[in-house]
Amino acid sequence: MNNIREEFEKIEIPDELNSRVASGVQQAKREKKRKSKYPNWVLGAVASIMIVGIGSAMGGSYIVDAAESLLNQLFGSKEKLMEAYPDESSGEISFMEQHLEFAEENLTEGEFTNLSALYKEQAEIWREVRAEDRSPDVEEAARLHEIKELQFSYENQFALKEAQYLSSYTVTQPTYVPEGYKQTKENFFITGEGDEPVVTFDYSKGDVGYTTYQQEINQTDDFEYIWGHFENTKSYSLSGHEFIFKYSEENQATGLRVKVPDQGFKITLLADTLSKEEAEKVVLSMLE
């Protein structure tokens with residue numbers, strides 16, 4: 001969603017929407033705002049999805065106990081990890097422990113070793129930066145970006161399985177892809193305590209692209225602010241579902257949403273220049 005990102009960069013975002021997001025235009029906007037600050041830790045495909053209270057949400061202390069040894073092996077101790085990421089809560093650290101379990105279970109031994117090394121290097125860079133009370137220099141920033149991309153290559157292999165484990169709804173993936181588009185990423189993020197994952201699929205075609213968001217039907221997230229800034233809205237029925245189509249004549253951006261009450265989720269599509277007909281085919285393929 002390259003062009004739509006640029007257009008919505010012009011929109012001022014209220015402070016109350018400044019929560020964690022891992023994909024979509026909000027992420028790009030916030031990253032620019034945080035250039036002079038320390039961002040929360042970034043873990044590839046689960047970038048910034050650290051969850052407050054995940055321990056209780058996932059069944060108490062089981063996750064912490066089960067993955068404690070993995071976390072200690074990688075970082076030495078929780079205390080060492082907190083030196084690199086002091087702003088993260090105990091619940092967010094617990095999620096990291098659970099995430100390590102998913103990684104070990106779903107990657108080969110070699111892949112898990114490589115991913116673990118990336119986590120350790122990332123933490124070491126942030127630990128040094130924080131100890132010196134400064135922002136990453138150019139070389140460190142470049143390496144952190146490289147590490148994030150490498151993490152994506154491993155974590156994408158189990159991101160959907162992890163998202164499904166955390167979701168009450170059935171996660172679905174588009175089976176229809178418009179001509180010329182290619183999938184670039186599959187991801188999920190969680191913005192706060194009690195929230196379920198928002199599962200995203202990104203597609204691009206040259207300089208344009210689109211993203212699908214699947215989430216619990218009553219949940220709202222940061223991209224709602226973008227959804228509300230389209231100038232034109234149309235509601236209609238299609239294939240037994242109620243759709244809302246939005247578009248912006250100024251920047252040619254489009255949006256499509258459908259709710260599925262009996263299955264407890266809704267799907268939103270945000271695109272640069274995708275036509276209404278093509279957007280419908282993408283979303284309907286997720287419902288089928």
Side-chain angles (χ1 to χ4, degrees), residues 1 4-5 19-28 42-52 54 57-58 92 95-96 98-99 101-103 105-106 148 151-178 181-204 209-227 241 243-244 255-271 274 279-288:
M1 294 172 60
I4 196 172
R5 290 171 195 258
S19 58
R20 298 183 184 91
V21 177
S23 75
V25 295
Q26 294 291 76
Q27 175 71 4
V42 181
L43 300 174
V46 290
S48 299
I49 61 168
M50 301 297 96
I51 310 167
V52 178
I54 188 64
M58 296 306 300
E92 292 167 332
F95 177 80
M96 177 57 179
Q98 178 255 313
H99 177 67
E101 284 285 293
F102 267 92
E105 291 172 3
N106 290 278
K148 180 177 177 180
Q151 288 169 341
F152 271 122
S153 66
Y154 293 111
E155 294 177 329
N156 272 348
Q157 298 181 45
F158 61 90
L160 293 188
K161 184 180 291 187
E162 190 168 14
Q164 184 62 78
Y165 182 70
L166 297 167
S167 301
S168 63
Y169 60 85
T170 300
V171 175
T172 63
Q173 182 171 0
T175 57
Y176 175 80
V177 180
Y181 283 85
K182 293 183 178 180
Q183 183 182 331
T184 57
K185 190 181 298 181
E186 55 189 45
N187 196 6
F188 72 91
F189 62 86
I190 297 175
T191 56
E193 183 175 2
D195 287 345
E196 295 194 29
V198 180
V199 182
T200 66
F201 292 92
D202 293 351
Y203 298 82
S204 66
Y210 66 89
T211 299
T212 65
Y213 303 80
Q214 184 184 13
Q215 62 189 135
E216 195 274 328
I217 194 167
N218 295 315
Q219 189 170 310
T220 60
D221 288 283
D222 284 1
F223 65 87
E224 293 290 332
Y225 186 73
I226 298 170
W227 176 254
H241 300 283
F243 279 78
I244 299 176
L256 189 67
R257 172 171 289 174
V258 61
K259 294 184 178 181
V260 188
D262 59 332
Q263 297 186 46
F265 67 81
K266 61 185 174 184
I267 296 171
T268 305
L269 182 150
L270 296 175
L274 201 64
E280 289 172 348
K281 291 179 182 178
V282 172
V283 173
L284 285 173
S285 76
M286 298 178 71
L287 300 178
E288 293 169 354

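Just so you know, residue 1 is the first one in the sequence shown, and it goes up from there.
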When rounded to the nearest 0.5 Å, the distance separating NE2 of His241 from CG of Leu284 is 7.0 Å

Smallest heavy-atom separation, Pro174 atom then Thr212 atom, equals CG-OG1, 4.1 Å

If you define the side chain from C-beta out and look only at heavy atoms, does anything of Val199 sit under 4.5 Å from Gln164? no

Separation between CD (Gln214) and CG (Leu269), nearest 0.5 Å, reads 12.5 Å

Is the side chain of Glu216 donor-acceptor paired with the backbone N or O of Asp195 at a distance under 3.5 Å, no angle test?
no

Are the side chain of Gln215 and the backbone of Gln219 linked by a donor-acceptor contact shorter than 3.5 Å? yes

Exercise for the section: For Gln173 and Leu160, indicate whether the former's side chain and the latter's backbone hold a donor-acceptor pair under 3.5 Å. Expected result: no

Strictly distance-based, threshold 3.5 Å: is any side-chain N or O of Gln263 a donor or acceptor partner for the main-chain N or O of Phe265?
no

Q. Should Tyr165 and Phe102 be marked as a ring pair (Phe, Tyr, Trp, His ring centres under 6.0 Å) after you check the CA-CA gap, both sets of side-chain angles, and the distance that decides it?
A. CA-CA 10 Å; Tyr165 182 70; Phe102 267 92; 5.3 Å; yes

Check your understanding: Would you say the side chain of Phe188 lies within less than 4.5 Å of the side chain of Thr200, judging by non-hydrogen atoms?
Key -> no

To the nearest 0.5 Å, atom OG of Ser167 lies from atom CD of Glu162 at 10.5 Å

Does NZ or CZ of Lys182 come closer than 6.0 Å to the centre of the six-membered ring of Tyr203, within 45° of the ring's axis? no

- Show your working on side chain to side chain contact (heavy atoms under 4.5 Å, CB included) between Ile190 and Leu166 and close with a plain yes or no. CA-CA 10 Å; Ile190 297 175; Leu166 297 167; 4.1 Å; yes

**Request:** Please report the C-alpha distance between Phe152 and Glu186 in whole Å, then the side-chain angles of each, then the deciding distance to 0.1 Å, and finally whether the side chain to side chain contact (heavy atoms under 4.5 Å, CB included) criterion is met.
**Result:** CA-CA 9 Å; Phe152 271 122; Glu186 55 189 45; over 6 Å; no

*Indicate yes or no: at least one non-hydrogen side-chain atom of Ser168 is less than 4.5 angstrom from one of Glu196.*
yes

In this structure, CG of Asn106 is separated from CD of Gln157 (nearest 0.5 Å) by 8.5 Å

Output for pair (Leu287 CG, Thr172 OG1), nearest 0.5 Å, gives 7.0 Å

For Phe243 and Val283, the nearest pair of non-hydrogen atoms, with its separation, is CE2-CG1, 3.9 Å

Separation between CD1 (Ile267) and CD1 (Ile217), nearest 0.5 Å, reads 10.5 Å

(Q) Would the distance check show the side chain of Tyr210 and the main-chain N or O of Tyr181 forming a donor-acceptor pair, the cut-off being under 3.5 Å? (A) no

For residues 255-270, the salt bridge (Lys or Arg N to Asp or Glu O under 4.0 Å) pairs (sequence neighbours left out) are Glu224-Arg257, Glu224-Lys266

Smallest heavy-atom separation, Pro178 atom then Leu274 atom, equals CG-CD1, 3.9 Å

**Asked** Any side-chain heavy-atom pair from Tyr213 and Leu270 closer than 4.5 angstrom?
**Response** yes

Looking only at heavy atoms, the pair that brings Thr184 and Ser204 closest together is CG2-OG, 3.1 Å

